[in-house]
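Shown next, in structure tokens, is the structure this report addresses.
Residue numbers start from 1 in every chain, and the chains themselves are labelled A, B, ... in the order their sequence lines are given, proteins ahead of strands.
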There are 2 protein chains.
Amino acid sequence: MQKEHNLSKNQKIIFDLIDKSGGPMKAYSILFNVQKKGIKAPLQVYRALDKLVEIGKIHKIESRNAFIACQNSSCQVSKATAFSICESCENVSEISNLKLSKYLSNFSDNSGMKYSKYNLEFFGLCKKCKSK
Amino acid sequence: MQKEHNLSKNQKIIFDLIDKSGGPMKAYSILFNVQKKGIKAPLQVYRALDKLVEIGKIHKIESRNAFIACQNSSCQVSKATAFSICESCENVSEISNLKLSKYLSNFSDNSGMKYSKYNLEFFGLCKKCKSK
DNA sequence: AACATTATGTAATAATATAACATTTAGAAG
DNA sequence: CTTCTAAATGTTATATTATTACATAATGTT
Ligand SMILES: [Zn+2]
Ligand SMILES: [Zn+2]
Ligand SMILES: [Zn+2]
Ligand SMILES: [Zn+2]
């Protein structure tokens, strides 16, 4: 089970916005959208984002510098993330696949390194974009 | 086999620098290092980086906004990349593991999406940093 | 109440990346 | 060789993403 976190005021505003958007959002787009709620500065946004990432409520899509609400309810997801990204419409969704996550969480090579975290991004064309 | 690409002047300067560094380099650090060779503007660096990424001579480490020379000689590597990143010393190395790359290249879920590319980043502590 | 931790507010600035436009170089085609 | 085209370069300006520094306020713990 995921630990319950009581989000602070700014964290809640920003999480709700991202969550409702249903897709990835960029920091300055978030900023623009929450200015009417009193959040005026980039740092306020980035601080909330940092915290939300830390507790696994959102994830950063590294290749896009964007943030998406976690679509997964299981534990550990913030340390083991996988996404599919459409290179045409930029639709992003979180992949929830037990076999994949087990495979990657247990992965080890001959480097002597024990991995505590991974992030995987798949790229391609989504159904819609493929049929165009 | 990888197609031979004749690198242009700027591309060669920048590739050689990254390659010799042995690790990831950031764009503006590259810029600083090649200014004595006549490359004066960020765009000159980014254009060379774009091309080098495109042809697979370097890869971008998305979580670090840094670029590393490909340590892999096999084909298709630019569409199927995996890295291990030490969160303490920031050492990065490219993972070359046939089983892993086969597993991921063949991965498909129920989204109806056919993936043409992926990038995987593992995080942890390298041998050195673990023993400190 | 005292203390520590977390969150907030604000301004300035750093770091990363692209747009727009002019020019040059290198290949391919005739 | 000449013409055409694609790729690469040069330059200036600007857009986008993210952090530093410092002051204050709210929250939780002992
Ligand atoms: Zn998630
Ligand atoms: Zn699409
Ligand atoms: Zn490679
Ligand atoms: Zn290390």
Holding to salt bridge (charged side-chain N to carboxylate O under 4.0 Å, His left out), I want the full list of residues that pass it with [X], two or more places apart in sequence or in another chain.
X	result
K102(B)	none
K117(A)	E87(B)
K26(B)	none
D16(A)	K12(A)

Item to check | Protein proximity profile, nucleotides 16-30 of chain D - base contact B, sugar-phosphate-only contact S, no contact -, cut-off 4.0 Å on heavy atoms | outcome: -BBBBB---------
Write down the distance between [atom1] ([X]) and [atom2] ([N]), rounded to a whole number of angstrom.
X	N	atom1	atom2	value
Q44(B)	dA13(D)	CD	P	15 Å
I55(B)	dA8(D)	CD1	C1'	13 Å
K51(B)	dT9(D)	NZ	P	10 Å

Next on the checklist: Roughly what angle, to 10°, lies between the helix axis at the start of the helix from dA1(C)-dT30(D) to dG30(C)-dC1(D) and the one at its end, five pairs per end?
Outcome noted: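 End-to-end axis angle: 50°.
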Checklist entry - Got a sec, which residues hit ring-ring contact (aromatic ring centres under 6.0 Å, His included) with F15(A), two or more places apart in sequence or on another chain? => result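 Scan of F15(A) (ring-ring contact (aromatic ring centres under 6.0 Å, His included), adjacent residues dropped) gives none.
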Item to check | Residues which pass ring-ring contact (aromatic ring centres under 6.0 Å, His included) with F83(B), listed by chain and number, not counting sequence neighbours | outcome: H59(B)
Checklist outcome for this item: Contacted region of DNA chain C by chain A, from 5' end to 3' end of the hits, cut-off under 4.0 Å to heavy atoms, spans dA7(C) to dA11(C)
Checklist entry - Which residue pairs satisfy the side chain to side chain donor-acceptor pair (under 3.5 Å) criterion with at least one member in residues 30-40 of chain B, sequence neighbours excluded? => result none
Item to check | Qualifying residues under side-chain hydrogen bond (donor to acceptor under 3.5 Å, both in side chains), relative to Q11(A), sequence neighbours excluded | outcome: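 Checked Q11(A) against side-chain hydrogen bond (donor to acceptor under 3.5 Å, both in side chains); matches are S8(A).
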Checklist entry - Strictly by modelled atom types, are S63(A) and E121(A) linked by a side-chain donor-acceptor pair under 3.5 Å? => result yes
Next on the checklist: Side-chain heavy atoms under 4.5 Å apart, restricted to Ile/Leu/Val/Met/Phe/Trp/Tyr: what other residues fall into the cluster of Y115(A), or is it alone?
Outcome noted: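 Taking Ile, Leu, Val, Met, Phe, Trp and Tyr as members, Y115(A) shares its hydrophobic cluster with I95(A), L100(A), Y103(A), L104(A), F107(A), M113(A), Y118(A), L120(A), F122(A), I95(B), L100(B), Y103(B), L104(B), F107(B), M113(B), Y115(B), Y118(B), L120(B), F122(B).
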Next on the checklist: Nearest heavy atom decides the nucleotide; on that basis, is S8(B) or A41(B) closer to the 5' end of DNA chain D?
Outcome noted: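 Residue closer to the 5' terminus by nearest nucleotide: S8(B).
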